[in-house]
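Input: a single structure, listed below in C-alpha cells.
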Amino acid sequence: MSETDLSPLMRQYRDIKRAHAGAILFFRVGDFYEMFYQDAEDASRLLSIALTSRDKSSADPVPLCGVPYHAASGYIAKLLKAGRTVALCEQVEDPKVVKGLIRREVVRLYTPGTLVDAELLPATEACWLAAVTASPVSPGAPQEQQLGLAALDLSTGEFRICEFDGRRAVSHLQDELSRLEPKELLLSADLPPDLSAVAAGLPGCRVCLEEGSRFDEGATHAALHKQFSTHIISRLVSETSPTGRCAAGAVLRYLYDTQPNTDLRHIHEAAVQRFSDTMRLDSMTIRNLELVRPLNDPLDAEASPRTTVLGVLDRTVTVMGSRLMRDWIIRPLVDLPTIQSRLDAVEELAQGLEPRFQIRAALKPVQDIARLTSRIAVVRASPRDVLSLKRSLLALTDLRVPLARLHSPLLRNLVGEWDSGEDLTDLIVRAVHPDAPALVRDGGIIQDGYHCEVDGLRTAMRDGKQWIAQLEARERARTGIESLKVRYNQVFGYYLEITKANLAKVPSDYIRKQTLANAERFMTPELKELEERVTGAEAKLTALEVQLFEQVLQALARHTERLQTMARRVATLDVVATLAEVATLYRYVRPEVHDGTAIHITGGRHAVIERLAQDLSFVPNDTQLDQDTHRLLILTGPNMAGKSTYLRQVALIVLMAQMGSFVPAAQAAIGLVDRIFTRVGASDNLSAGRSTFMVEMSETAHILHHATPRSLILLDEIGRGTSTYDGLSLAWAIAEFIQDTERLGARTLFATHYHEMTQLADRHPSVQNYRVSVQERDGDVLFLRKIVAGGADRSYGIHVGKLAGLPKEIVSRAQDVLRQLEQSSSSSPQFTEPVEQVSFLDPALPAPHPILEEVRQMDLFSMTPLDALNRLADLKRRLE
Ligand code: ADP
Ligand code: MG
C-alpha cells in the first residue's frame, strides 16, 4: 500500500513506528493501545490475544490487535519477559478539544533495565542497566587496555562505576557482571569479540548492541555534566578515567532516549567502586556455593529459595533489607576494621533481644522507601505510593527510642542523623486523602481542607446531586407519576425516565430524548442546567486534583536525597538486625577474623544443609588450615560420605564471617581470605558447547591464574572427566603446584576419589590427609559424616549402589567381579577400613534450643504485662 493510500491515522502510526522499529509500539487510540502489522502478529502470539485486522474490506487488510489502556502493564510485563521492549505512544492532545487527527507521542520506552514500576519489578532484586566500554588499544601493548563498567538501578537511583585494567581485566569484568546480573547491557558494536562475549553467560540479560558513537567521549561526558553537579563531576574526574566515565555517560544517554521528558533528579550520585574492596568471587564460585540461586534452577530463585545462603539468611522484614542482604552475601569484605564494625553491630543486637525485637517490629510496616522515592521523583507515583511513604515514615519515628540505646559505632552512625521526615508526613497527611485510590484518574485524592477550590467544587457536586434529588421529588409530585426517576448514563448524562404506562401524564415541557421497550427518557431545561453544574464541577475537580497531586509529588521530590539516605539506613539496620536474629535462631557464633593466615573452625556446619536437615542430625566438623603444615588438605572417602558438603561448609563459614555475619560453628577464627575459588563436581556445561572435561580444565586453569597466597581454593573431584591415569596425573600436578609457595601456596581443600593422592602427604610437609569416616557393618556402610585424619583406601561404590536400590543380583555380582579384579592385580593391596567407635552423639552438638536462649535473655523487669504476653504468644507461635 502506498503512503498516499493510508488514512491520516495510519500515516501518523507509520511515522512514529519508524523511529521505534525495534520495539513493539503500543499506539493509543481511545481506550485502547493498538498494535499493527508485525507488532500485532508478535503481540497476539506472545500475549495470547485475538489478532484481527483493520479495513477488513480492503484487499490488503492491516493486522491489528489491542489491549485496554487500563490493563496495559500486565501485557507490558509479559512482553518484557519475552525479551521484547515496548514503546508507549499516547494521545498528547485532548480529543474532546481537538478536531481531526490528535497529536501522538512516544512518552516512554519500556526496556528490562529501565523499570521503576512496582508491578514490573521483583521486589527483592535490584534491576541494573549496565554499559561496558574499552579504552583504545595501542598495538604494542594490548594488555594496557582499560575497561569501564557503569551500572544504574533506575528504580532506586543507585549508580555505580567500576574500572578494570591489567592482563585480567576481561575476567574481572565478567566476575563483576555475574554479581550484578544486569537486566540490560549496553555494548558498543565496535568492541573486540572477547569483550562482546562477556554477556554470554548472563542469565536473562538483554544485550543492546549500540553504535560505537553512542559511547563517544564528548557526548557521554556532556550527559554526565547534564546529570551531575560540578562537585560530583570533579570527584568522578579525580577517581575515574575517561573509560569509566564513557560507560556512565552511555547509560545516561540510553536513559534520556528511553525516558523522554522525565525528571531523573533521583540520580544525583555515582559511587566509584574499587574491585579490590570486596572479596573476589567468580561466577562459578557464586554458582557453586549456591549463594543466591539454587544450582539446579539458576533463573528462578523463588523455586526453592531455602537451598541458598540467601534463603537461609534473608529473614529481613523490609524489601530494602532483602536487597542489601543479597549484596552483602555476594560482596564479602576484605577490610578488617569494616568487618569488625559489622560484627560488633550484629553482636550488640544478637545479645540485646529487646532492642532487636523492637527494631524488627518497628521496621515491619516500612515499605520500599527507595523505590517509592524514585517513583515520586519521576512523577510516576500513585496516591497509594504516597500513602505508603507516609506509613513508612511514621514507622521510622517509632524506631527512635530503641535506636537511642545502641552503642556499637555502626549502629550509632545510623542513628546519629535519624530522620523520620516528620515534615513530609505532615504534608502527606494534610494533602492526601487516607483512602485515596490507586489511580490518579479515579479522583478523591486530595484531602478535605487542603485546597479551598477543591472543597468548593466538592460542595457544588454534593449540592448539585441533592438538587437533582429534590427535582425528582418535585416532578413526581407535579406529574403524579410515582415511578418517575432521574437517572444518569455516560451517553445522555442525566434524564427523567417514565414507564410506558405513565406516558399520558407527561407534561408538555418535557423534551423526549430516547425511546426504550417499556420506558421513555426525557429532559427538562432545569435538569440540563443542574447537570452542567454537577458534571462541570466534576471535570474541573478531577483536573484540579491531578494538578495538586503532582504538586505534592514535586514537593516531596525536593527531599529525594534525604529519603534515599533513610532508605539506605533502614536497609542496613534491617540486615544487621536480621543477621543477629538468624545468629540466635540458628546458634551461630561470632567469628574472630584476623589478618593472619590460619583458619581454625571447631564444630563447623553447612549453613544450608543443616537447615534442610531440620532434626539437628547435621554432624559438625572441625577444620584447620594454615600456611605451614596444613596448606593443602586432601580429603578422601566414599561417595556420598559428605566431602563436597564439607568443602562448601568451610568456604561458607569464611564468606559469612567476612560479610560480617556470625557463623554456624562452635568456634571460628578466620585469617582473612582475598578470594574464594571453587571447582565443584563434574557439572556439565553442554549448553556452552564444551565437553565436561574441557570445562573442568579451563575452570581449573582460571583458578591457577587468578589465585593468590591469601586465597581459599576448593577443588572437588577434579580430573574425573578423563581416563584414570590422565586424571590422576593432572590432579597430582595441580595439587603440587598449588601447595608450592614458590608458585602459589594458597590454602586449599581438595576432595578426590583418587586414593593415590594421599601419598602427596608423605612428600610435602604442607599437605595433610583427611577422610570422611564410615562404618561397615554386615556388608552395609554407615555414613558417619565425621572428618578424621588419615586417608581412605576404598570407595565403597558397590555399597552406595546397594543403598541406592540396585537389584540384589547386580550388587552381589559386582562384589564377585571386584574380588576377582583385586586378586588378579597384585599391585592393588587389600585394606579394610578400620571400624571405628564413632557415634552420632557428638559432644559438641546439643546447644540449648534457641527459644530457651531467648527466654534466658529476657529482661522481665523492663517488660509490661502486655509485652510479656505478646512475647509469650510469639514464642509459642514459633515453636509450633
Ligand atoms: P560426597 O561429596 O562425599 O559424595 P556429599 O557432600 O555430596 O558427599 O554429601 C552426601 C549427602 O550427605 C548429602 O545429602 C548431604 O546432605 C549429607 N551430608 C553431608 N555432610 C553431612 C553432615 N556433616 N551431616 C549430615 N549430613 C551430611
Ligand atoms: Mg561430592
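All residue numbers refer to positions in the sequence shown, counting from 1. This is a predicted model, so every value here is computed, not measured. Whatever order the structure lists ligands and atoms in, that order sets their numbers, starting from 1.
Between His702 and Phe677, the ring-plane angle classifies as perpendicular under the 30° and 60° cut-offs.
Atom 22 (C) of ligand 1 has its closest protein heavy atom at Phe618 CE1, 3.5 Å. The protein non-hydrogen atom at the shortest distance from atom 21 (C) of ligand 1 is Arg785 CD, 3.4 Å. Closest protein heavy atom to atom 10 (C) of ligand 1: Met640 O, 3.4 Å. If you check which protein heavy atom lies closest to atom 8 (O) of ligand 1, you get Gly642 N, 2.9 Å.
Between the CZ atom in Arg747 and the OG atom in Ser711 there is a gap of 8.0 Å [rounded to 0.5 Å]. One distance of note links CG of Leu579 with CG of Leu343; it measures 9.5 Å at 0.5 Å rounding. To the nearest 0.5 Å, atom CG of residue Leu784 and atom NZ of residue Lys786 are 10.0 Å apart.
Ion pairing between a basic and an acidic side chain is recognised when a charged N comes within 4.0 Å of a carboxylate O; Asp344 and Arg590 show such pairing.
Summarising the contacts of atom 3 (O) of ligand 1 with Arg605, Lys643, Arg648, Gln649, the nearest heavy atom is found in Lys643. Checking Thr645, Val608, Asn621 against atom 19 (C) of ligand 1, the nearest heavy atom belongs to Thr645.
Using a 4.0 Å cut-off between heavy atoms, Ile609 contacts ligand 1 through its side chain alone, with no backbone atom that close.
Residues Leu749 and Leu715 fail the side-chain proximity criterion, which asks for heavy atoms closer than 4.5 Å.
Inclusion of Val619 in the set of residues having an N or O under 3.5 Å from an N or O of ligand 1 is warranted. Remark: ligand 1 and Ser644 share an N or O pair separated by less than 3.5 Å (distance only, no angle test).
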Verify salt bridge (charged side-chain N to carboxylate O under 4.0 Å, His left out) between Arg648 and Glu290, making sure each step is shown before the conclusion. CA-CA 10 Å; Arg648 294 176 194 209; Glu290 299 188 279; 3.6 Å; yes
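None of the N, O or S atoms belonging to Thr645 lies under 2.8 Å away from the Mg ion (ligand 2).
Atom CD of Gln627 has more than 12 neighbouring heavy atoms from other residues, nucleotides or ligands inside a 6.0 Å radius.
Heavy atoms of Ala641 approach ligand 1 to within less than 4.0 angstrom. Taking 4.0 Å as the cut-off, Pro638 counts as a neighbour of ligand 1 on heavy-atom distance.
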